[in-house]
Amino acid sequence: MNLLAIRKHFRTLSGRYDLVDDDVSGTTNLLINEACRNLDRLTEMQKTWGVHFSEAAVDDFKVAIPYCRAIKEVWLATATERWQLEKKNIQDLIVEYLASAPTSGTPLYYSPTLTRRIPDGVDITAFAAYMNYMDTSTDLDHNNNAIVILPPTDAKLLVEVRGFFYSKELVLDADENYWTTVHPLTLLKASLRELDIFNQNQGKTKLWNEALASEIDNINKDLVEELVAEVDVIEKGSDGVIY
């Protein structure tokens with residue numbers, strides 16, 4: 001299904017023809033998209049994980065990642081090799097690499113960093129003389145997280161960020177994402193739940209929560225089954241204890 005089909009079924013199941021047919025402000029789309037994000041946060045299955053690629057130029061050390069819920073791994077690559085970065089506290093990286101103007105090299109470490117400056121969108125060009133490489137923050141829109149990779153790059157590199165990502169936002173009628181395509185009824189239930197929250201119908205909201213919990217549990221089991229497939233040996237640690 002696409003967004004238009006979901007919206008039509010939402011209209012039929014809710015009985016809110018007025019809300020959908022006269023929806024000039026996009027309220028129904030807002031409810032459906034929030035339902036998608038809620039389902040994303042409640043699940044951990046194959047499509048929870050995603051990967052974002054970007055290119056880092058020479059001397060870069062900040063990388064933006066859109067629609068990322070949680071950063072899990074960072075890998076770098078050249079045309080001939082690929083390696084994983086080690087996560088460190090941002091404070092340790094500042095002390096080790098940014099206490100003075102750093103020397104570019106092969107990045108070995110990463111850390112999530114701040115993406116908001118106060119007030120939002122503040123112009124800090126007046127402080128450029130003080131910043132140099134000292135500023136690890138980056139002023140991004142609300143849909144982006146960011147990391148720093150250190151030391152700064154001495155060559156162009158491919159940056160591969162693996163982690164939990166939100167599903168594609170549904171904007172156009174033809175738009176689809178994982179929930180509209182694979183679990184449209186689950187998305188419809190989650191969307192109707194959002195509507196009942198705004199209607200302050202606590203009884204129905206509780207019932208929707210219970211119904212969704214059962215479905216989400218079953219969806220999450222698919223990943224568990226995949227992880228344990230062909231695993232038939234119990235590991236024994238170096239201390240002789242079976243884990």
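Each residue takes its place number in the sequence, starting with 1. For the numbers below, each heavy atom of this structure counts, side chains included, while hydrogens, waters and symmetry mates do not. None of these values were measured; they are calculated from a predicted model.
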Atom pairs and distances, side-chain donor-acceptor, residues 70-81, under 3.5 Å, sequence neighbours left out:
residue	atom	partner	partner atom	Å
Glu73	OE1	Trp75	NE1	2.9
Thr78	OG1	Thr80	N	3.2
Thr78	OG1	Thr80	OG1	3.3
Thr78	OG1	Glu81	N	3.1

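- Residues in residues 31-51 take part in these ring-ring contact (aromatic ring centres under 6.0 Å, His included) pairs, two or more places apart or across chains: Trp49-Phe164.
- Using a 4.0 Å cut-off between charged side-chain N and carboxylate O, Arg69 and Asp40 make no salt bridge.
- The backbone N or O of Lys88 lies less than 3.5 Å from a partner atom in the side chain of Ser111, making a donor-acceptor pair.
- Among all heavy-atom pairs drawn from Tyr110 and Ile147, the shortest one is CD1-CG2, 4.1 Å.
- For the residue pair Leu140 and Asn145, the shortest heavy atom distance occurs at CD1-O, 3.9 Å.
- Shown here for Phe165 and Val51, the closest heavy-atom pair between the two residues is CE1-N, 4.0 Å.
- Rounding to the nearest 0.5 Å gives a distance of 13.0 Å between NZ of Lys221 and CD1 of Ile216.
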Which donor-acceptor pairs under 3.5 Å do side chains of residues 189-198 form with protein atoms, sequence neighbours excluded?
residue	atom	partner	partner atom	Å
Lys189	NZ	Glu215	OE2	2.2
Ser191	OG	Leu187	O	2.8
Arg193	NE	Asn209	OD1	2.6
Asp196	OD2	Trp208	NE1	2.8

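- The nearest pair of heavy atoms linking Val148 to Leu93 is CG2-CD1, 4.3 Å.
- Within the 4.5 Å cutoff, the side chain of Ser167 has heavy atoms near those of the Trp179 side chain.
- Checked by atom type, the side-chain pair Thr115/Asn144 shows no donor-acceptor distance below 3.5 Å.
- Taking both residues in full, the closest heavy atoms of Pro66 and His52 are given as CD-NE2, 3.4 Å, listed atom of the first, atom of the second, then distance.
- Here Leu150 contributes atom CG and Leu108 contributes atom CG; the two are 9.5 Å apart, rounded to the nearest 0.5 Å.
- In terms of heavy atoms, Arg116 sits closest to Ile118 at NE-CD1, 3.4 Å.
- At distances below 3.5 Å, at least one donor-acceptor pair connects side-chain atoms of Asp175 with backbone N or O atoms of Leu172.
- Between Ser104 and the choices Asp59, Asp154, Asp60, Thr153, the side-chain hydrogen bond (donor to acceptor under 3.5 Å, both in side chains) rule is met once, by Asp59.
- You'll find the side chain of Ser14 stays beyond 4.5 Å of the side chain of Leu19, heavy atoms only.
- Using modelled atom types, one side-chain atom of Arg117 and one backbone atom of Ser137 make a donor-acceptor pair closer than 3.5 Å.
- With contacts defined as side-chain heavy-atom distances shorter than 4.5 Å, the pair Pro112/Lys87 qualifies.
- A distance of 6.0 Å separates CZ in Phe53 from CG in Leu158, rounded to the nearest 0.5 Å.
- Rounded to the nearest 0.5 angstrom, Asp92 CG and Glu96 CD are separated by 8.0 Å.
- Formation of a donor-acceptor pair under 3.5 Å by the Asn177 side chain with backbone atoms of Thr180 is found in this model.
- Using a 4.5 Å heavy-atom cutoff, the side chains of Ile219 and His183 are in contact.
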